[in-house]
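I have placed the structure first, in the form of structure tokens, so that the comments after it can refer back to it.
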Amino acid sequence: MVININFFKSLIVISFFAIANASAQQDIGALAIQLQKLDSPKAEKEVGYKTSSRILGSTPLVKDQILSKYVILVGKLLVSNLPEQPNLWTFGVLDSSDINAFAAPGGYIFLTKGLLKQLDNEDQLAAVIAHEIAHIKLKHYSNVAKKQMLAEYSLKSLNAGSEDSQLEAMANATTLILARGLDKQSEFDADREASKLLAKAGYDPSAMADVLVMLEKNAARPNNPSMSFLLSTHPSPTQRLQALASCCADSFGNMNSSNQKTKSRFDNQLKSRL
Amino acid sequence: MLPRKIFILVTIAIGVISYHSLALAQQTKAIKAVDLLAEPTVGAKKSGTLTVGQAISVLEKKGFWVKVQSSNQSGWVKLTDIELPNTVTKIDPLSTGRASGGNIVNTAGVRGLSPDELKNAKPNSAAVDQATQISQSITTTDIAGFASSGGVVTRTNVPEVKAVKISNSGNVLRQDSSSNTGNVSGSNATINPKPAKKDSNEW
């Protein structure tokens with residue numbers, strides 16, 4: 001009996017809160033469902049397209065087709081091991097002296113010419129692309145953009161706009177995240193997944209560490225303007241190297257670098273063209 | 001008078017040289033007792049030994065390996081065997097070489113890219129279409145040929161790697177891969193209360 005009374009008391013208290021919050025909860029729930037729709041592969045592709053048009057609005061693509069195709073081949077070789085259709089992916093080289101790379105949902109990846117200039121071999125090029133593939137595969141940008149939308153919009157204000165304007169808002173949120181950076185853990189996760197992807201594809205997984213060593217050297221150069229954007233959006237290369245070595249040095253430290261076979265094409269189709 | 005001048009010059013030269021070698025070689029310490037190896041590969045010839053806490057200088061890094069020197073011995077160890085010194089120089093935001101609001105870094109036509117330029121960019125969807133078109137022109141046959149001519153062969157038995165968590169202070173919380181006890185070890189002795197999350201994204 002005592003139990004029953006307590007039970008009913010609890011029920012009344014719960015019902016009270018439930019009624020008080022019902023409409024607000026319904027709104028948030030419906031908003032989350034609405035945002036879930038913006039997360040479909042089709043919507044994600046569209047958000048990525050709109051985000052990429054902003055990236056390419058800030059910096060043009062290089063005109064060099066041989067260089068571009070070489071980068072695309074390495075990118076597509078990496079994603080050919082993934083379940084997604086290879087045609088989902090778009091790779092491009094940005095005509096910028098900055099050392100940086102960008103990924104947008106739906107498979108869009110852009111590397112700057114400044115970054116390519118710092119690379120020594122095809123394994124390192126693959127490492128940089130693999131890091132961006134990892135951001136997309138792990139839905140880093142979509143997840144943060146959705147959270148931001150959830151915080152900024154009510155169901156009413158979201159539904160007031162057309163589907164296109166909703167996707168446009170998602171693209172704006174994604175662009176802001178690109179400009180501001182993800183959390184540190186996402187970057188460590190992308191480095192680790194990149195190393196794993198390199199290992200599976202047949203590249204040297206320690207090339208990811210080589211890239212971080214390269215970034216560390218560039219970051220150590222005082223007032224290096226080509227690194228300021230990347231350093232403002234990523235943990236320090238040393239910290240990333242430490243995190244990557246902690247997870248992967250023992251498992252991946254002894255796999256051979258692909259070989260000398262990729263050296264001449266890297267030199268001819270990339271190094272000599274920058 | 002002449003020997004005195006030479007003495008001063010030599011003293012200055014020694015000072016400059018030692019200053020530079022000190023600035024180049026980063027000082028740190030070993031956190032594991034390991035062998036120094038002559039080459040950055042497992043099974044390479046032993047060239048010395050390190051004890052825990054031994055003072056070392058970092059000479060070079062390559063992949064997951066680092067070349068260190070301690071007293072009269074030098075050699076390669078894994079990055080995880082030493083405490084990594086942070087080398088990042090603070091960037092002065094006033095001297096990034098960018099004119100305010102402009103895209104041009106210098107007169108040679110080399111473009112930089114800043115967060116503000118990205119945020120305020122006028123969308124260029126024609127460029128995305130162009131990038132997509134070139135990317136889609138590469139066929140699966142092209143990719144197979146590219147892999148084969150480069151000798152890039154898919155590995156099937158890639159070991160699993162565990163996620164590494166970072167504490168709020170920025171220390172790496174290391175999951176000890178040599179044991180399955182879930183114990184966490186690390187140079188900074190920070191304990192991770194939660195077991196490392198199993199990687200759910202299997203590719």
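Chain letters run A, B, ... following the sequence lines, proteins first and then strands; every chain starts at 1.
- Residues B/Leu118 and A/Ala179 come closest through the heavy atom pair CD2-N, 4.1 Å.
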List the steps and the verdict of side chain to side chain contact (heavy atoms under 4.5 Å, CB included) for B/Phe146 and A/Arg265.
CA-CA 10 Å; B/Phe146 183 77; A/Arg265 72 184 183 197; 3.4 Å; yes
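- In this structure, the separation between CZ on B/Phe64 and SG on A/Cys247 is 6.5 Å, given to the nearest 0.5 Å.
- Nearest heavy atom pair, residue B/Ser137 against residue A/Lys69, reads OG-CE, 4.0 Å.
- With chain B as the partner, the residue from A/Gly57, A/Ala209, A/Ser53 showing the most heavy-atom pairs under 4.5 Å is A/Ser53.
- The greatest number of non-hydrogen atom pairs below 4.5 Å with chain B, out of A/Val213, A/Leu77, A/Leu73, is found for A/Leu73.
- Among residues at least two apart or in separate chains, there is no salt bridge (charged side-chain N to carboxylate O under 4.0 Å, His left out) pair with a member in residues 126-143 of chain B.
- Interface residue A/Val74: backbone and side-chain heavy atoms are both found under 4.5 Å from chain B.
- Annotation for B/Val161 and A/Lys196: closest pair CG2-CD, 3.8 Å, computed over non-hydrogen atoms.
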Would B/Leu113 and A/Ser58 count as a side chain to side chain contact (heavy atoms under 4.5 Å, CB included) if you check the C-alpha gap in whole Å, the side-chain angles of each, and the deciding distance to 0.1 Å?
CA-CA 7 Å; B/Leu113 173 59; A/Ser58 73; 3.3 Å; yes
Apply side chain to side chain contact (heavy atoms under 4.5 Å, CB included) to residues A/Tyr49 and B/Ser125 and explain how you reach the verdict.
CA-CA 8 Å; A/Tyr49 181 90; B/Ser125 52; 3.3 Å; yes
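- With a 4.5 Å cut-off on side-chain heavy atoms, A/Arg54 and B/Lys122 do not count as touching.
- For A/Thr51, no part sits under 4.5 Å from any heavy atom of chain B, backbone or side chain.
- The residue among A/Thr233, A/Asp95, A/Leu241 with the most heavy atom pairs within less than 4.5 Å of chain B is A/Leu241.
- For the pair A/Ala245 and B/Leu79, the tightest heavy-atom approach, listed with the atom from each and the gap, is CB-CB, 3.7 Å.
- Both the backbone and the side chain of A/Leu244 come within contact range of chain B, each with at least one heavy atom under 4.5 Å from a heavy atom of that chain.
- B/Ala131 and A/Leu61 make their closest contact through CB-CD1, 3.9 Å (heavy atoms, listed as atom of the first residue, atom of the second, distance).
- Residues A/Lys76 and B/Ser135 approach most closely at NZ-O, 2.7 Å, considering heavy atoms.
- In terms of non-hydrogen atom pairs under 4.5 Å with chain B, the most contact-rich of A/Gly181, A/Ala201, A/Gly92, A/Ser52 is A/Ala201.
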For B/Val152 and A/Glu122, what are the C-alpha separation, side-chain angles and deciding distance, and is it a side chain to side chain contact (heavy atoms under 4.5 Å, CB included)?
CA-CA 10 Å; B/Val152 185; A/Glu122 191 173 300; 4.3 Å; yes
